[in-house]
Every structure is written in structure tokens, then in C-alpha cells.
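Below is one structure, written out as C-alpha cells, with a few remarks after it.
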Amino acid sequence: MAITFKKDRIVFSDVASGEDAERLLEWLQKHPKAKIDLSACTHLQPANLQVLMAAKCSIIAKPKDKLLADWIDSALQLI
Amino acid sequence: MNPLLEQFISESRESLQGIGEKLMQLEKEPESSELMTELFRFVHTLKGNSGLFDLPELTRVLHAGEDLMDAVRNGEVAYSPLLADRLLDAMDFVGLLCDEIDTNGSTDAKHVNNSVRLADSLRQLIVVIVPTTEGASSAVVNELPIVPEQPDPANQLPLSDIPEEISMAAYRAAVTGKPLHWLAYSPVEECFFQGDDPFYQARQTPGILWGDITARTPWPKLAELDPYCCVLDFSILSTATLEELQEYYRYVPDQVRIIPVPGSFLILPQGEPNGGPVYEDFVADALKMLHANNIAGLTHATRSMLDVSNPNLWLSAALRWLLLVIELEPDNVFVCERILLSLRTMTPPVWHELAGGCDTRINGDVNSELPHNLAQEESEPVPAMLSPEVTALIAAQREILSLPDDIAWLAGRLKSVAASLSGCLHAIGANGIIQSLGAALDEALAQRASAPLLHWLDSHFKPSVDAAPFLPQSVQPATTTQIGQSVEEVKYGRRAEDSYSGPKSIKVDQVKIDRLMNLIGEMVVAKNALPYLAGRAENVFGVRDLSREIKSQYAVINRIAEEMQDTIMQVRMMPVSFVFQRFPRLVRDTSHKLGKEVNLILEGEETEADKNIIESLGDPLVHIVRNSLDHGVEMPDVRRALGKPATGTIFIRATQEADRVVIEIRDDGKGIDPEIIKRLALEKGIIDNERLERLTDQEAVNLVFAAGFSTASVISDLSGRGVGMDVVRTAIEKVNGTLQLESEKGRGTRIRLSLPLSMAVTNVMIVESNNQLFGVPIGSVVETVRIPRADIHTIKKNQATVLRGRIVPLKPLNSLLGQHVPPRANEEDELAVLIVSLGDESVGIMVDNFRETVEIILKPMTGVLAGLSAYAGSALLGDGSVLMVLDIKEIL
Amino acid sequence: MAKTIMVIDDSATMRLSLKSALELNGFKVECAGDGVLALNQLKIGVKPDLIITDINMPNMGGLEFIKNLRALPGFRFVPVLALTTESKQEKRDEAKKNGATGWLVKPVTGPDLVKVIKQVLPGA
């Protein structure tokens, strides 16, 4: 499973697919304070990214891939 | 021949046959669009496949055929008997080439001329639509790649968003001659539903230095968010060339803008503007040094200034840029001057405004990348090097144009020549001169003469000296009378009246094949007598030379025998369709009876295996399918309630994997509930409580294969006949097959059978018991041991021994076969015990003695003997005696 | 984990050619002879990460297949490459409009295939 939902955290691993975005959105509506852990994420289909952007999520762990981390920073306007 | 080419040849033959049949049918129903579509598909497939190989002669004819059929399909050309004739001729030619490939692995170069001519004869039937200006431009518009925009937009780009280190790296790249492009990628809103992942696409952009994502619209509340409507914009800075970027974004050309960025545009110092004094002295001094070309002094002064300044200041950023420009372009005084002057105002230079009148190097690197427009293509020359095919085609057109003009169908001829040439120009990428070709054709038509076209041809393509004449002599006087038929048809015909090479396959009675199989079996055994004979010649008669000769003869016979055996094995191969064909009816009838709706899908029917394997598959497969129908697929209303389609699906597929044939049977029924299996197994005493607890779900599911298991809680009259999946397992294992079962509760069941492709030679060990010889398949033998009688213990009438700390039950072979003779011990009072594996357990079989192992061809028991389950089959031995081979699982 | 690619083409030669090229590059390959057969496989649990489909096929052609595919749960966003012959830009546009991600021009060579797959399939 590319996205695991924990109590207060959402953990991404490998590639999050387009289908995953629906559940991500549902979960974030119910748990708007959930923090995002992207450390094991290698890619996320942009529907997921849109959800993260719209939910103004706070990221507690950036992806290991520096370039991906930069992209996500730019999307979430963390720079 | 490689398997792909083999496949191609066999599929091509089928297609050719199909084309022939469709053309025959079209004679009767020339209006049938359905037949036309099928015909087109055959030709289309053939052509597509031929492209996989380097077979230009084949491809050329098929390509022409495809274009013609496309025109016919679209109603641009009417079907006519002439068309059928030419197409059949062309396909005969293709068939001829296929035969040649089949025998030689390639085609002869001599076919080029005929191929060109046949392709031409097909193309002539296509209505000539001369590429008008309109047509040409619309084609170009469609194919137009993403065009880079004029450099102007570069000044509106948010280049200051790029971090300084990346800007500097980009600038450095630009100075060293790398192109620099800004990409604005705005994916369409529905792009996700086209399988696009624009983020991934952006991330993988070639030469990417930096990227940024922004949303086109403010985000709504989460409840109103449609995550699948893409509103992201991507900005990317790349050092890839325009061509690379166009190629990379070719699937979304309308969603990307590529803007060349002059390197100097990136010199945009950023930082805290306040906080540092403006060193007017420094600027003045530096400018002086710059104009005096004192680069060393300038560098030194700049470094010192930088050392005493806070690095976060705007000033420091500008100085760092200055140092970089000095390092990379020490003679670019203009840019250095601008940076220095900007220190006075603390605002970055406005490069694009300055670019106009000054140093060309500011935007010099952009000029080379102006968009390719049509005007440029007009002047594009014809490529100097033409492929032999193109040369041949052009020569043929020249030849046609040289024919006398005094014919009624000259206009048609001219148009077809123009069409061929236009196609040719497209092919070699010389689109620029198509318009002039159109003009030449118009002129030729107006003059009713070939000369203008010939002149055009000569001016663009020099006549080559060695171009072979392309028309047969007989055509020169233009004796044909049919319109459009300026080229004599060349027959490759194997028409009805032609001699017919016999069919490639013959039907043979199975009995004869079996007889052949038996004979080769005997042959293999008989040849095994030769090494013994050689031994005797040497040891008994003392003739060593003779012995050596026998051995070398043996090697020859051995090789031939093995090849014969292989060949016969191949003859025995049969497609699984033999077994599959009964399923549509079975499924239909059974599901009807049960009131279920089931869709059966069969795949891989053409997969082949040995006749015995195929025959042994029949019953197990029927059983499995019945099980799926009975217990797997639910009733339609149940399925609907579960949110499944009312119609269930059973899917059977055969594939070949290495030397095994794999049959997979899947259904989307209710699957197997491991809990129910466990409970039933416990009730039936198949497992005990202790084992139950350790059982995984997968293991539980596999219990259905255990003897005496039937999962139906209500026994139906169809498959619940008291025999369960254990029968299936036994039957499959009998032919050295294996089976796997996977099941997901509520989702369905998947059974995978893996069987050997052929029943090749079996290795058996010969054992002696009660003065008889028996064979035991070597696969089931674990080891042979001799056990002293003292070590054999009797526990409640059962004998056992301890072997390496494990208790092994012992059974005399004689009593297993119903003979009440005790096993004989040897002189040391030891008994010969054959340890065989039975699932996870080992069992010892007591025999009188062990003998050698031999290779045999196992023949299954037939006739009245077939009922003797104790034997797997029989085989002939070298001395002509019959060896009975035991079925160990059965006798235990 | 090896990615699974489904190849749909009515020509056994084309299937074999693509299958061997893909397997050579470490992909798992499932084949189907037309759109209907492909949909059946998808419904019964085959879950490709990418689909390569011919356009002109009997029973159900590529465009209709893609339309049906996009309506199937779990396959809304799977990348689909349409196999086309050269020079038919309209066909490509039509394929894209019907939900294809991109196209491959026949005859497809191994390196081209891998390049395009890497471009459209994250993690390939």
C-alpha cells in the first residue's frame, strides 16, 4: 500500500497512484490536522499532490530524493 | 530460424489465405463494408508485422496494398475485379517471398524490381489526390512540433524565482554552449484520465535544472475539491535542446510552451537590499579597471569587497554574479559593466531592454534557435543520399515518363507518377518541393505531355547512370487498353490452373503414431545392448579392435535413435484445443441447469503438448470447471447483492513455459473459505486439533486436495459424486504434473496446472522381489539401504526401523502386491530397503535385491491391464523381456 | 517489483515481438488478442501497470477498448499507449481524445519501447 493512514500521520511509500488520491482526500477531510511523512515516497501521481496542496498539509518528513523534495517544497510553497 | 520469424511466416500464410477468401467473397458481395474492413485488417496486420523484419520488398508491396485497401474501405476507390486481380497477384508475390524466407531465412535481392512494380500497380488504383497547397499545409500543421516562442516572452518569465545557485549553473551551461529553455507545461484538466502523470513527465524532463509547481486557481475547500481535475502548472528550466524537448513532450505538444532563455537573462542578483552602504568608490574603481582590461585587479577588488559584506545582501549576490561572469566570459565587458552599474540602484539590469542595441551575446545564443517555419522548409534541399528503394522508385517514374505521350489515359498516368513522387518526397522528408511538383503536374496536364514532369524530375533528382531499366520490353509500345494500367501486370500467380504444391500436412491414424512410438522405444532399448556386446567382444573373445568398432557404431546409432525419438515426440504433439473444445458446451449446459450465468473465456488453445499429456488433462479439467460452476460462481442474485456482475466468468488459459505447459483456470466466484475447510477437515478426521492450529490459510485451502474431501455442504448431482479434488491431484501427478491453488474469499479461485510437454524417457531403478523384476521411477526413490534384520522392529504387526534418528515404517513389496512370501535377506542377514518419499514422509519398501537403473520409455497400461492401478506402466528391456513399472503412490 | 504490461494486438507475431522485447527488459507481460479479451482479463484480476494496445482489431478495437477501460474501476489512470502506423496524425489525436496517454509507431524497437515506457510509467 503506497499510503498508510496512521492516527495523526499519513505515510507515503513508493509511488502513490491516481486511485490513492480519493482515499487521501477522504482521510484529510476527516483528519485535517494529519501530518504527512514523505520520507519513503519516490513519486506521487499529481492528484495526490493537488490534495496535499489544497489541504495545506504540513510535511514532517521530506522525500529522500532531493529533487523530488524540491518539487514538493515548491508546490506547497515551503521555500 | 528465430521463433518470431517463424511465427511471422505462419501468421502471414494464414493472413494470405484470409485475404484470398475475403476477395472471393467480395466478388459476390462487392458492397460489403464488413468484408472490406476485414480485408483491410489482414493487409494492415501483414504490413505491420513485416516492418518487424528487414524485408523491404515485402513491406513495400504490403504498404501499397494497405494504402489501397484503406482507400477502398473509406469509399475513395470502388472495389473492382481488376483490384482483386492485382491484390491477389501482390499477395501471391508475398506468399512467394514467405516461402523463400521459410527455406533460406531471407529474400533474394532480385525481387526489388518486381516489388516496386507490384506496389506501383496497386498504387495506380488509388484515386490520385494531388497534394494541393491546402492539403500540404494542413498536413504540416498536424505534424508541426512544438515551436519555441520568440525570445521576447523570456523577459516576462519569473526567472527570479530560480535560486541563485541554479541560475549560476544555468548561466555556466549557457556560456559553454548549452541551450537553455524555459518550459511552461499546463496540462489539460482531464489529463489524468488519459493516463498522463504530468508531474512525472515534468520530473523526467531531459536536461532539467529546476522546476516549480503552481496551481492555476485558488484551492477550494476540501469538500469541494475534485482531485482529478488537474489545475497544476509546471515551470521547468532545462539545458536540453529544442529537439529533445519536442520529442519528449510529443504526446502533449499543445500543453507545452518552450521558450529559449538567453543565459544572461538569469543574472538577477537577489538579496536584502538594505543594510549595506553603497560603495560608490568601489563601483567607480571597478569600472575603471574593467575598461582598462585589468581583469586581475577587478577580480581582486570584487573578492575583497565580497569578503567584508554580509552574504545575504543584494550587493553580495551581485558581486558573486560579477565574479562568475569574469570567470566565464572575461571579455564580456558589457555585462560586467551593467552589473557594476546596477550596484548603484540595487535593481537588477533589465537585460532584454538592453539587448537591442548592444552586445549580441546577450541574446546571441537564441538566434540559432528561431522556430523552424515553412519558409525555411521551402528552401530545404533534397537529401543527397537516397536509399536504393527511393532511387529505384524515382528511376521507375522517369522510365514511365519517357514512354510515348500519345495515349488516351495520359492524364491518369501523369497523376499516378506525381502521386508516387509525392509519396516518395514525404518519405524522404523533402516536403519542401512538393508544391513545385504540384505545379509541374498542373503544367503537364495542361500541355498533355510528360515533359514538364520529366523536367521537374531531372532538376531535383539527377538521372543515375546505372539505374536499371524498370519496364519490361513488352510494355514499351503500350499495348494495354485498360485505363490506368500503364504497367504490365506481372503474375506471381499460383492460380487455379497453375501447378499446385501439395499441402504441408497430412493426417495420420493415431494407431500408426503409437506403433512408431513403440518401435522407437524398442530401438532405444535394443541399441543399449551394443555396449554389452562390445564388452563381451573384448573380455570374452579378446578382440579389442572389434570392440572399439562396435562402440563407434553404437555412437552413430545412438545419435540417430535420439533424433528419431525427438521427431516422433514432436509428431505426437497436440493442441490443447482438443480438450478445451468441450468446455463451451459443458459450461453452457451446466450453468443452465444450475440457474447461473457464466461467461467462459478460453485462451491459448493452440498451445501444444504430448498426446498423452493432453489426454490425461481432460478429466481433471472437467472436474475443476465443474467445481467452479458448482461451488465457485454464485447465483446471479447473490452476485448482484455482492456488487459483482451478475454473470460470472471462468477463464481457462494454456501457455507454454519452457518445457512445461501451464493451464490456468480462474473464476470470479466466491472463493474458498479457509475456515470452512478447516472445520470440515477436522470433522472428516483429515487433520487433528493440533495441526489445525498451525495451519495457514493457504495450507487450509490446499486441504481440498486431500483424499476424501468434498467441500459441497449439499451434494449436487453434478460434481459432488463423492470424488473430490484429490482425484484431480492424482491424475495430474500421474503425468508428472503439479498443481497450485490460490483462492481469495469472495473474489475467486485460481488453479494452475503445470505439466511436462512430453512423456520423454523415464529413468527407473530395477529391483528384484520374489524372483520377479520391477521398475521404480527414480524420482520417487530417496535412497537404498541395507538394514540388518536385528534393526527391524515390529510394532503391532507393523514393521519399522530407525534411520538417522527417524522412525521409518517398512513394508515388504511382496505383501503390497498381495504375495505372501517374506523378503529374502543376503548372506549378512541384511534386508534391501528402498526408501521412497510419500509427501512429507519416507517409507521403506523391502525387496530382495537392487539392480541397475535404466532408461525406458514408459507405456501406460492398456486394455484389461489398465485397471491395475499398482503399475504406472510397462517397458521393454534390452533382452526383450517386459518390465513392470510400479506406481509407488498407488501401492502404498 | 517487476511492472506488468498488457499487450493487446490481434496479430500473434506482434504480440510475440512485443512480449519478448518487454520480457527482455524485465517486465511481466500479459497478452490479449482483442479489446474484449483484454477487458475480460482485467475484470478477472489481471492488473497491468501499463497497457499497449493496437487500434485496428476485430471484435473490439483499441479506441473502444480504451473508452471501456477508463470506465473500469481501478483503470482510470493507467497509462495506455496506442500502437499506430506511421503518418496517421489524426489517429493519434483520436487516440489521445479517447483516453490514450501516447502512442508507439509500428514497428516498435526495443530501445524505443523502453524509452517511452520509462517516460509514462513512474517507477519503471
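Sequence lines set the chain letters: A, B, ... in the order given, protein chains first and strands last, and positions in each chain run from 1.
- Side-chain contact between B:Pro187 and B:Asp196: absent, with no pair of heavy atoms (C-beta onward) separated by less than 4.5 Å.
- A salt bridge is absent between C:Arg15 and B:Glu11: the closest approach of a Lys/Arg side-chain nitrogen to an acidic carboxylate oxygen does not fall below 4.0 angstrom.
- Using a 4.5 Å cut-off between non-hydrogen atoms, the part of residues 2-14 of chain C that approaches chain B consists of C:Asp10, C:Ser11, C:Ala12, C:Thr13, C:Met14.
- Neither the backbone nor the side chain of B:Glu14 comes within contact range of chain C, judged by heavy atoms closer than 4.5 Å.
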Please tabulate, for the side chains in residues 62-75 of chain C, all donor-acceptor contacts under 3.5 angstrom to protein atoms that are two or more places apart in sequence or on a different chain.
| residue | atom | partner | partner atom | Å |
| --- | --- | --- | --- | --- |
| C:Asn68 | ND2 | C:Glu64 | O | 2.9 |
| C:Arg70 | NE | B:Phe193 | O | 2.9 |
| C:Arg70 | NE | C:Gly99 | O | 3.1 |
| C:Arg70 | NH1 | C:Phe75 | O | 3.0 |
| C:Arg70 | NH1 | C:Arg76 | O | 3.0 |
| C:Arg70 | NH1 | C:Val78 | O | 2.8 |
| C:Arg70 | NH2 | C:Val78 | O | 2.8 |
| C:Arg70 | NH2 | C:Gly99 | O | 2.8 |

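- With chain C as the partner, the residue from B:Arg750, B:Gln201, B:Arg747, B:Gln204 showing the most heavy-atom pairs under 4.5 Å is B:Gln201.
- Among B:Thr655, B:Leu52, B:Asp667, B:Asn599, the residue making the largest number of heavy-atom pairs under 4.5 Å with chain C is B:Leu52.
- Counting heavy-atom pairs under 4.5 Å between each of C:Met57, C:Lys115, C:Lys118 and chain B puts C:Met57 at the top.
- The shortest side-chain heavy-atom distance between B:Tyr249 and B:Leu183 falls under the 4.5 Å cut-off.
- Looking at B:Ile601, only its side chain comes within 4.5 Å of chain C, counting heavy atoms on both sides.
- The backbone N or O of B:Phe40 sits nowhere less than 3.5 Å from a side-chain atom of B:Lys22 that would complete a donor-acceptor pair.
- Contacts of B:Tyr248 classified as ring-ring contact (aromatic ring centres under 6.0 Å, His included), with partners at least two apart in sequence or in another chain: none.
- A donor and an acceptor atom, one from each side chain of B:Ser577 and B:Glu605, are nowhere located under 3.5 Å apart.
- By the salt bridge (Lys or Arg N to Asp or Glu O under 4.0 Å) test, B:Arg41 is found to be paired with no residue, residues two or more places apart in sequence or in another chain being considered.
- Heavy-atom pairs under 4.5 Å with chain B were tallied for C:Ala32, C:Ser17, C:Pro58, C:Ser20; the largest tally goes to C:Pro58.
- The contact between B:Thr649 and chain C is made by backbone and side chain atoms together, counting heavy-atom distances below 4.5 Å.
- Here C:Pro122 is the residue among C:Gly102, C:Ala100, C:Pro122 with the most heavy-atom pairs under 4.5 Å with chain B.
- Classification of B:Asp668 and C:Lys43 as a salt-bridged pair fails, no side-chain N sitting under 4.0 Å from a carboxylate O.
- Remark: B:Asp70 engages B:Arg73 in a salt bridge, criterion side-chain N to carboxylate O under 4.0 Å.
- Chain B forms more heavy-atom pairs under 4.5 Å with one residue of C:Val120, C:Thr101, C:Leu50 than with any other, namely C:Thr101.
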